[in-house]
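Everything on this sheet refers to the single structure shown next.
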2 protein chains.
Amino acid sequence: MALAEAILVCLTERPMSGYDLAKYFDASIGFFWRASHQQIYRELGRLRERELVDSQEISQSGKPNRIVHTITDKGRTAVTGWSAKPVRMPSVKDELLVKLYALETVDTKAMREQISVRLEQHQSKLSEFRRIKSRFYDGKDLNLNQKGKLIALELGIDQELFRIAGWETVLKKMTDAGV
Amino acid sequence: MALAEAILVCLTERPMSGYDLAKYFDASIGFFWRASHQQIYRELGRLRERELVDSQEISQSGKPNRIVHTITDKGRTAVTGWSAKPVRMPSVKDELLVKLYALETVDTKAMREQISVRLEQHQSKLSEFRRIKSRFYDGKDLNLNQKGKLIALELGIDQELFRIAGWETVLKKMTDAGV
DNA sequence: GGCAACATGTAACTTGTTACATGATTCC
DNA sequence: GGAATCATGTAACAAGTTACATGTTGCC
């Protein structure tokens, strides 16, 4: 259950509400471990039960109340313990690759269209990563915390570049194969 | 639910038992959509209910009986229909990237060790892919079915090469950052 | 006045993982 | 005689997805 730890890692940055966490995931750590707001709320409940976070309701006049979650010392210890444990290989699940594998059986016109869509998605992720890099990291003096995030981000950028090249090659090879 | 379709795609090749399918997944389509034997058995039950496969028990003297699943015409239609539908972006879930993102908070010695393990895993996948390519595809005349599989396999090979280079770069950048 | 975004969650369902269970055959 | 492999599954649980529910504020 790395979702728990991903949340705790975010909370080492600053205390956050479930909504803040969902936004934070979308814009950063979620590039490496995606989670929906429902998952985050459920996991926060469990983290509270295990006393890894401390949750405080803050009343706001007018607006609905915010529940702000703060990582506890027990939570910090849990993160360090987790960090030393071995990781698994990331799960492999790409329907588009299954379709490619089944090339003879599929609708190849639709398939080319789907590859184009995929290419655009990688392109927009690439732009987003580059924007974040130039905005927050380029030409700045970075501490270790920031350096870690930058290294991860640069790996993300290279990955998007690779994937764009990869799917473009696939399109060429499909053409060569006559489909 | 692409597992259903991945199974149907395998069964277009030849009728198979659940056990055969689990083996087949491990050695081919599972490179792009991993599934455990439990998932496969469960899904086969559902496919039978939906009449997309026809399941026949074959008694074997001595050995336990095999249940052989054959794709039906309805099943073939389902695959074609599925193939034209848009796909999602593959899920992103890599604990090692989360740890990299949280570099300051983690045990960096253990982290370097985990990257080394990951590198070995990619190396062994690469060898496996290359072995399959040279054994089944190199220097042969291929039909469209085989060409699709080869294109997917070559994308897999490039991906492993990219990932090896990527994690090696991360190790270098960690050294530069002093961890 | 309506719609998007803020903010929080529950419920139902599907998928994926871990552990358990059974019994035969083949190889050492 | 014991371990590995063949072959088939069930049960319990964890994780992920989709849909629903509620009420506010701020903008056009």
Side-chain angles (χ1 to χ4, degrees), chain A residues 1-7 15-27 29-30 32-50 53 55-69 82 85-95 98, chain B residues 1-7 15-27 29-30 32-50 53 55-69 82 85-95 98:
Chain A
M1 20 151 139
L3 176 56
E5 286 84 5
I7 291 174
M16 283 188 249
S17 71
Y19 192 84
D20 293 338
L21 274 164
K23 292 270 135 180
Y24 191 86
F25 260 73
D26 280 351
I29 205 170
F32 316 117
W33 195 279
R34 210 183 295 161
S36 63
H37 84 274
Q38 294 86 343
Q39 271 178 282
I40 290 169
Y41 279 111
R42 180 166 55 183
E43 198 60 47
L44 279 170
R46 281 188 271 218
L47 288 171
R48 184 168 37 209
E49 269 175 40
R50 292 164 62 201
V53 303
S55 310
Q56 297 274 43
E57 191 162 356
I58 296 178
S59 26
Q60 302 186 119
S61 50
K63 288 185 196 177
N65 294 347
R66 288 166 57 76
I67 297 168
V68 174
H69 309 272
W82 158 77
K85 280 196 286 184
V87 292
R88 323 176 152 199
M89 285 286 268
S91 77
V92 186
K93 245 152 231 299
D94 189 346
E95 233 174 322
V98 175
Chain B
M1 18 150 141
L3 176 56
E5 287 84 4
I7 290 173
M16 282 190 249
S17 70
Y19 192 85
D20 293 338
L21 275 164
K23 294 269 134 180
Y24 191 87
F25 261 72
D26 280 350
I29 206 169
F32 316 117
W33 194 279
R34 210 184 294 160
S36 63
H37 84 275
Q38 293 86 343
Q39 272 178 282
I40 291 169
Y41 280 110
R42 182 167 53 185
E43 199 60 47
L44 278 170
R46 282 187 269 216
L47 288 171
R48 183 169 35 208
E49 269 175 38
R50 291 164 62 202
V53 303
S55 309
Q56 296 274 45
E57 190 163 356
I58 295 179
S59 25
Q60 303 188 120
S61 49
K63 289 184 194 177
N65 294 347
R66 289 165 59 77
I67 297 169
V68 175
H69 310 272
W82 157 77
K85 280 196 287 184
V87 292
R88 325 177 149 195
M89 284 286 267
S91 77
V92 185
K93 249 156 228 298
D94 188 346
E95 232 173 325
V98 176

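Chain letters run A, B, ... following the sequence lines, proteins first and then strands; every chain starts at 1.
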Atom-to-atom span, CZ of A:Arg34 to P of D:dT18 - whole angstrom: 11 Å
Terminal helix-axis angle for the helix from C:dG1-D:dC28 to C:dC28-D:dG1, with five pairs defining each axis and rounding to 10 degrees: 30°
Could you state the atom-to-atom distance from CG of B:Asp20 to C1' of D:dG9 in whole Å? 15 Å
When the nearest nucleotide of DNA chain D is assigned to A:His37 and to B:Ile67 on a heavy-atom basis, which residue is associated with the more 5' position? B:Ile67
Atom CG of A:Asp26 and atom P of C:dC6 are separated, to the nearest Å, by 11 Å
Among A:Ile29, A:Ile40, A:Val53, side chain to side chain contact (heavy atoms under 4.5 Å, CB included) partner for A:Ile7: A:Ile40
From CZ of B:Arg48 across to P of D:dT8 the rounded distance in Å is 11 Å
Expected output is a numbered-order residue list: members of residues 38-47 of chain A with a heavy atom under 4.0 Å from any atom of DNA chain D. What is it? A:Gln38, A:Gln39, A:Arg42
Find out whether B:Arg42 and B:Gln38 are in side-chain contact, i.e. whether some heavy atom of one side chain is under 4.5 Å from a heavy atom of the other. no
Report yes if at least one side-chain N or O of B:Lys23 is closer than 4.0 Å to OP1 or OP2 of D:dA7; otherwise report no. no
Interatomic distance where CZ belongs to A:Phe25 and P belongs to D:dA15 [whole Å]: 13 Å
Strictly distance-based, threshold 3.5 Å: is any side-chain N or O of A:Gln39 a donor or acceptor partner for the main-chain N or O of A:Ser36? yes
Does some side-chain heavy atom of B:Trp33 sit less than 4.5 Å from a side-chain heavy atom of B:Leu3? yes
Check whether A:Lys93 reaches the backbone of B:Arg34 with its side chain - one donor and one acceptor, N or O, closer than 3.5 Å. yes
Does D:dT18 have OP1 or OP2 under 4.0 Å away from a side-chain N or O of B:Arg88? yes
side-chain hydrogen bond (donor to acceptor under 3.5 Å, both in side chains) against A:Asp20, all qualifying residues, sequence neighbours excluded: A:Ser17, A:Arg66
Measure CH2/B:Trp33 against C1'/C:dT15 and give the value in whole Å, please. 10 Å
For B:Ser55 versus B:Ile67, what's the shortest heavy-atom pair and its separation? CB-CG2, 4.1 Å
Atom pair distance, as rounded to whole Å: CG in B:Leu3 and P in C:dC13: 21 Å
Using only side-chain N and O atoms of B:Ser17, determine if any of them is under 4.0 Å from OP1 or OP2 of D:dT8. yes
Between B:Tyr19 and B:Tyr41, is any pair of side-chain heavy atoms under 4.5 Å apart? yes
Under 4.5 Å between any side-chain heavy atoms of A:Met16 and A:His69, yes or no? no
Under 4.0 angstrom between A:Lys93 side-chain N/O and C:dG16 OP1 or OP2: yes
What's the OH-P distance between B:Tyr19 and C:dT25, to the nearest Å? 15 Å
